[in-house]
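Sequential numbering from 1 along the given sequence is applied to the chain's residues.
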Amino acid sequence: MSSSRGSRWNRLAASAASFVAFAGFTLVMPFLPLYFRELGVTDLGAIALWSGVSLGITPAMTAVLAPLWGRLADRFGLKIMVERSLVSFVIIMAATAYATRAWHVFALRTIQGLFAGFGALTVTMAAESAPRDELAASIGHVQIAQRLGPALGPVIGGLLAQLVGLRRAFLVAAAFYAIAFLLVLFLYRDEPSAARRADEHGPSRVTVRSVLRLPNFLLLMAAVFLLQYLDRTFGPILPLYIAQLGTPIARVPLVAGAIYSIAAGAAALGHHQSSRLLARAPARGVIIASVATSGCGMLIVGLAPTVSLLMAGTAIFGVATGVAMTAVYAAGGAVIPPGARGVGFGVLTTASLSGIALSPVFSGLLGAASLRGVFLLNAVVMGALTWGVARKMAPR
């Protein structure tokens with residue numbers, strides 16, 4: 001198999017597996033509160049608590065362990081690490097279908113966090129296989145799949161919950177992960193990394209500390225954290241904000257669903273366009289322009305007097321954030337040595353998951369004081385990030 005053809009097959013494997021696995025995850029997770037009610041939890045506060053800790057424990061543990069799994073991938077191969085993660089998801093999703101107590105779900109989600117890291121590893125798969133001039137496009141394709149999968153999953157999950165029940169929906173989710181496993185097994189071709197070749201002659205010296213000393217890397221970590229943090233601020237307060245703008249309560253779920261879809265589709269478009277922009281301009285310029293545009297979109301959201309302007313601001317924010325995320329990861333891939341991409345992207349994933357974990361907490365607290373204030377503060381943060389990248393990121 002030629003190098004170019006092998007790269008295309010590896011990109012296809014990483015993207016297809018990401019799409020299927022992320023769709024499988026969102027097949028059931030949005031309906032977890034309903035599952036806790038089915039397990040006998042009746043108090044709304046208790047349902048909210050179990051749902052919150054069960055949804056939060058997995059990304060929290062993944063954030064801690066992502067660099068470790070990336071380091072092992074550099075040493076022993078990406079394919080085996082991704083297969084390990086997917087097999088664990090198959091087992092745990094299937095086991096969740098047979099839970100009889102709320103703490104069973106929490107325990108399984110905790111175990112899931114120990115073996116996760118799939119999202120970061122698929123980005124690394126795409127980056128490891130791509131020629132240098134196709135790095136951004138390869139990363140962008142995987143990120144598009146990771147956006148579109150969650151956009152489709154809840155729709156299928158809602159239908160399944162009505163047709164076969166929530167318990168069997170977990171079994172279907174396990175089947176999705178099994179399909180993702182087969183895609184990686186048969187389509188992806190692992191190649192020895194620089195780290196594994198070095199291990200044949202002596203111990204590798206690539207560490208998290210050495211990755212953090214790479215040019216611009218700490219700044220890129222901060223950018224990933226803030227972009228993910230701001231992207232997830234919509235979740236806990238968007239329905240309330242839509243109602244505050246005068247939307248009848250009965251229509252709020254429909255409007256919120258439409259805005260979530262707009263955000264996902266716009267971000268996917270941004271991921272796709274990022275590689276074209278990076279082919280014409282340096283990463284630093286693309287990041288500055290896209291982060292600034294993202295801040296403008298957030299400002300429109302914060303000042304919107306109507307739902308129509310809210311949708312327009314969300315679309316601008318989504319496209320610009322998608323461009324920025326792919327450009328940041330591509331800039332990271334450009335400075336991470338080939339033999340350290342597993343640990344390098346693992347560290348970036350730690351920053352990303354930290355933003356995902358903290359965003360609902362702080363945006364919920366700020367939203368209690370002012371819903372508009374959350375989005376306006378986000379716009380200020382985007383302005384500060386734009387200034388930081390312009391001032392601190394060294395041109396390469």
Acceptor/donor pairs from residues 88-101 side chains to any protein atom, 3.5 angstrom cut, sequence neighbours excluded:
| from | atom 1 | to | atom 2 | distance (Å) |
| --- | --- | --- | --- | --- |
| Ser88 | OG | Ser85 | O | 2.6 |
| Thr96 | OG1 | Ile92 | O | 2.7 |
| Thr100 | OG1 | His104 | ND1 | 3.4 |

Quick one: side chains of residues 37-47, donor-acceptor pairs under 3.5 Å with protein atoms, not counting sequence neighbours, listed by atom name and distance.
| from | atom 1 | to | atom 2 | distance (Å) |
| --- | --- | --- | --- | --- |
| Asp43 | OD2 | Gly45 | N | 3.1 |
| Asp43 | OD2 | Ala46 | N | 2.9 |

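Under the side-chain hydrogen bond (donor to acceptor under 3.5 Å, both in side chains) criterion, the residue pairs touching residues 316-332 are Gln143-Thr326, His271-Thr326, Ser294-Thr321, with sequence neighbours excluded. Pairs engaging residues 242-252 under the side-chain hydrogen bond (donor to acceptor under 3.5 Å, both in side chains) rule: none recorded [sequence neighbours left out]. Residue pairs meeting the side-chain hydrogen bond (donor to acceptor under 3.5 Å, both in side chains) criterion with at least one partner in residues 172-187, sequence neighbours excluded, do not occur; the list is empty. Listed by first and then second residue, the side-chain hydrogen bond (donor to acceptor under 3.5 Å, both in side chains) pairs involving residues 369-392 are Thr233-Asn378, Tyr241-Arg372 (not counting sequence neighbours).
Panel note: side chain Arg341, backbone Ala127; a donor-acceptor pair is recorded below 3.5 Å.
A search for salt bridge (Lys or Arg N to Asp or Glu O under 4.0 Å) contacts involving Arg147 returns Asp231, not counting sequence neighbours. Under the ring-ring contact (aromatic ring centres under 6.0 Å, His included) criterion, Phe19 pairs with no residue at all, not counting sequence neighbours. Every residue was checked against the ring-ring contact (aromatic ring centres under 6.0 Å, His included) condition with Phe118, not counting sequence neighbours, and none meets it. Evaluation of the side-chain contact (heavy atoms from CB on, under 4.5 Å) rule for Thr293 yields Ile316, Ala320 as partners, not counting sequence neighbours.
Shortest non-hydrogen contact noted between Leu121 and Ala73 is CD2-CB, 3.9 Å.
Residue Ile356 shares its hydrophobic cluster (ILVMFWY side chains chained together at separations under 4.5 Å) with Leu353. Applying the 4.5 Å side-chain rule to ILVMFWY residues, one finds that Val64 remains a lone member of its cluster.
No donor-acceptor contact under 3.5 angstrom links the side chains of Glu134 and Ser275, judged on distance only.
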